[in-house]
Amino acid sequence: MASHTGLIFRKSARFDLSLTARIRVAEAHAKAVHLTAASGIRQGWLPVDLVDFSAGGIGLLSGVFVPRRSLIHVEVFGLEGEKAGPSIAGVARTKRVVMTDRRPAYLIGASFEDPPQELQAQLERMLLLLGGEPEGETHHA
């Protein structure tokens, strides 16, 4: 009989990268999570870096703490350049937030829950560009 080790295995290949991105708190959580001008927010958006990508979600590096379970709008630039607009744009839910060092910097793990068809196509395009395989219609952690 096989014993359960308690280990969690990632179902999706993860790609480490560095792309310009930005986030803002979704309207549903705007009262509970309020970012001030001191956070570096510009025109309602907080600049972050996309540091990993998989069919299961994304990793963002931020200088500002964003609470776990928050809904955030995410825009990722870099595939065609910022002037072309975001390569990925959608709403994600923060799943984990870890302080990475004393700067402070925070690694935010987020996933797109039930992405609309347009966002799903953007995610699949990114996976193909990175050399990964789309996972059908599931894009959540």
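Numbering starts at 1 and runs along the sequence shown.
- A single hydrophobic cluster is seen to contain both Ile108 and Val64, as judged by linkage of ILVMFWY side chains at heavy-atom distances under 4.5 Å, directly or through other members.
- For the pair Phe53/Arg14, no side-chain contact is recorded, criterion being any heavy-atom separation below 4.5 Å from C-beta on.
- When atom types are taken as modelled, the side chain of Arg22 and the backbone of Glu75 share no donor-acceptor pair closer than 3.5 angstrom.
- Within the 3.5 Å criterion, the main-chain N or O of Asp52 finds no donor-acceptor partner in the side chain of Asp16.
- Looking at Arg69 and Lys95, their side chains come closer than 4.5 Å, going by heavy atoms from C-beta outward.
- Under the rule for a side chain to side chain contact (heavy atoms under 4.5 Å, CB included), the partners of Pro67 that lie at least two apart in sequence or sit in another chain are Val33, Phe65, Ser70.
- Linking Ile, Leu, Val, Met, Phe, Trp and Tyr whenever their side-chain heavy atoms come within less than 4.5 Å puts Leu19 and Phe112 in one cluster.
- Taking the side chain as every heavy atom from C-beta outward, Leu60 and Leu107 never approach each other to under 4.5 Å.
- Two different hydrophobic clusters hold Ile72 and Val91 under the rule that ILVMFWY side chains link at heavy-atom gaps under 4.5 Å.
- Of the residues Val97, Leu46, Thr100, the one that meets the side chain to side chain contact (heavy atoms under 4.5 Å, CB included) test with Ser62 is Leu46.
- With sequence neighbours excluded, the residues that form a side chain to side chain contact (heavy atoms under 4.5 Å, CB included) with Arg24 are Trp45, His73.
- Across Leu61, Thr20, Val76, a single residue satisfies side chain to side chain contact (heavy atoms under 4.5 Å, CB included) together with Leu50, and that is Val76.
- Ile58 and Phe15 fall within the same hydrophobic cluster, defined by Ile, Leu, Val, Met, Phe, Trp and Tyr side-chain heavy atoms under 4.5 Å apart, directly or through other members.
- Rounding to the nearest 0.5 Å gives a distance of 10.0 Å between OG of Ser54 and CG of Leu123.
- Residues satisfying the side chain to side chain donor-acceptor pair (under 3.5 Å) test with Arg103, not counting sequence neighbours, are Asp101.
- The two residues Gly56 and Ser111 come nearest to each other via the heavy atoms O-CB, 3.5 Å.
- With hydrophobic clusters built from ILVMFWY side chains whose heavy atoms lie under 4.5 angstrom apart, Leu17 shares a cluster with Val74.
- The two atoms that bring Ile88 and Gln122 nearest to each other are CA-OE1, 3.4 Å, heavy atoms only.
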